[in-house]
K.L.:
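What follows is a single structure, and I will ask about it in a moment.
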Amino acid sequence: MATSNKTVALILVLVAALGVGVWLINRQPAPPAAPQYALRLPETLELPDFQLLDQDGLLLDNDWFNGRWTMVFFGFTHCPDICPATLSMLSAARSRLSKQRPDQQLPDILLISVDPGRDSPESLKQYVAHFGDGVSGATGSQQELRKLATTLGIYFEREGSDGYRPDKDYNVAHSAHVIIIDDHGNYSAVFGPPHSIAAFVTDMPVLMTAR
Amino acid sequence: MTMRFPGALFLVLVLGACGESGPRFSITNAEVIAAAPGRTASVAYLIIENHRDEPLTVTHIASPQFASVEMHETVLNNGVARMRALSSVTVESNASVEFKPGGKHLMLFGPVKALIPGKPVALHIQLASGDISIVETTLKTRHSTD
């Protein structure tokens, strides 16, 4: 009888211990979801000090990114295909996020023109307005553009040029990645081409979650 | 509006593209997107379908609504986008070639009149054989929301 009582007690202790264990596991916060399309940097990367001009001709520097998440695309307004297509996708994704998450912060969109010879702040203002809310434009000197682009792993080069000339019919080869800058102004993640609206809609809420 | 080719010639050429077994090729999903404000090049996308057992080659595209139309291709190499002009595009037998964002596309320059969304735009697609197919669509703008 004593042995039987001990066995029962042992079983009860084990069951209780199991129950406590299950409770503790469920009490732990779920690990953060991982992005499905974007590459999230293991650690955010600080940007170099830079100075550009926005579409209003005002200074756009590192401070501009504070307090907002930004989807950054390097392109140029004379680009007929991939640049407007990407901006349209980013804008559409932002619009979908605003409907799906009406109480959440929305990411902003920034087009950085790698064609300062043709893309003045005035032309950028007219151009980005075409793509809806939350879209800004910026450009600057070749030196400032190179400094920022190099840190972000972005390539750009005017094609067929022996030097800078304000000819109208040249193209600019450029990386088609979308760079994610977090609300502290650091490089946080990157989307590689080809892009889709679904990729941004799926991953931006995940990326905008605190690390 | 002044047509770039005589209307009768259009009809003859369109009929010439058809054989006893139906049209040699067809154009679907055509869309023309107006240039952004301040920019000069509109863009067009479409699908060219070859219905025959031999390849066809598109050598020229024109539009009555634009002074010139060019074929181009965005090429992505290691994530870097470059644009290349295309002098011709070949569609293999019983296959199709899609002009789509990030790939092959048409650039349309010199609108004859102001670009007004909803207005008709015609594309005349000509083959090396001389056959022409005409497709009509309406002008669109880039939508910021879907």
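Residue numbers start from 1 in every chain, and the chains themselves are labelled A, B, ... in the order their sequence lines are given, proteins ahead of strands.
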K.L.:
Can you tell me how far apart SG (A:Cys79) and CE (B:Met83) are? Round to the nearest 0.5 Å.
P.N.:
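It comes to 7.0 Å.
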K.L.:
So which of B:Ala35, B:Ala36, B:Ala81 has the biggest tally of heavy-atom pairs under 4.5 Å with chain A?
P.N.:
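Ranked by contacts with chain A, first place is B:Ala81.
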K.L.:
More than 12 heavy atoms of other residues, nucleotides or ligands under 6.0 Å from CD of A:Gln100: is that the case?
P.N.:
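Yes.
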K.L.:
Quick one: closest heavy-atom pair of B:Arg82 and A:Ala173, and the distance?
P.N.:
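Closest approach of B:Arg82 to A:Ala173, heavy atoms only: CG-CB, 3.5 Å.
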K.L.:
Nearest 0.5 Å, what's the CD1-OG distance between B:Ile33 and A:Ser88?
P.N.:
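Here the interatomic distance stands at 7.5 Å.
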K.L.:
Would you mind reporting whether A:Ser123 and B:Arg39 have side-chain heavy atoms less than 4.5 Å apart?
P.N.:
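The answer is yes; the side chains approach within 4.5 Å.
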K.L.:
Under 4.5 Å, heavy atom to heavy atom: which of residues 99-111 of chain B reach chain A? Give them by number, or say none.
P.N.:
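Heavy-atom contacts from residues 99-111 of chain B to chain A are B:Lys100, B:Pro101, B:Gly102, B:Gly103, B:His105, B:Met107.
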K.L.:
With a cut-off of 3.5 Å and sequence neighbours excluded, list every side-chain donor-acceptor pair involving residues 48-63 of chain A.
P.N.:
from: A:Asp54; atom 1: OD1; to: A:Asp56; atom 2: N; distance (Å): 2.8
from: A:Asp54; atom 1: OD1; to: A:Gly57; atom 2: N; distance (Å): 3.1
from: A:Asp54; atom 1: OD1; to: A:Leu58; atom 2: N; distance (Å): 2.8
from: A:Gln55; atom 1: OE1; to: A:Gly137; atom 2: N; distance (Å): 3.0
from: A:Asp56; atom 1: OD1; to: A:Lys125; atom 2: NZ; distance (Å): 2.3
from: A:Asp61; atom 1: OD1; to: A:Asp63; atom 2: N; distance (Å): 3.1
from: A:Asn62; atom 1: OD1; to: A:Phe50; atom 2: N; distance (Å): 3.1
from: A:Asn62; atom 1: ND2; to: A:Pro48; atom 2: O; distance (Å): 2.9

K.L.:
Quick one: do the B:Asn78 and A:Tyr155 side chains pair a donor with an acceptor below 3.5 Å?
P.N.:
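A:Tyr155 and B:Asn78 do not have a side-chain donor-acceptor pair below 3.5 Å.
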K.L.:
CD of A:Glu157: more than 12 outside heavy atoms within 6.0 angstrom?
P.N.:
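Atom CD in A:Glu157 is crowded, with more than 12 foreign heavy atoms closer than 6.0 Å.
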K.L.:
Specify which of A:Ile82, A:Thr86, A:Thr77, A:Asp81 makes the most heavy-atom pairs with chain B at under 4.5 Å.
P.N.:
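Maximum pair count with chain B is reached by A:Asp81.
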K.L.:
Just so I understand: if I count every heavy-atom pair under 4.5 Å between each of A:Pro80, A:Ala176, A:Ala85, A:Ala129 and chain B, which residue has the most?
P.N.:
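Most pairs with chain B among the choices: A:Pro80.
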K.L.:
Quick one: do B:Arg84 and A:Glu159 make a salt bridge, cutoff under 4.0 Å?
P.N.:
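Salt bridge between B:Arg84 and A:Glu159, a charged N being under 4.0 Å from a carboxylate O: yes.
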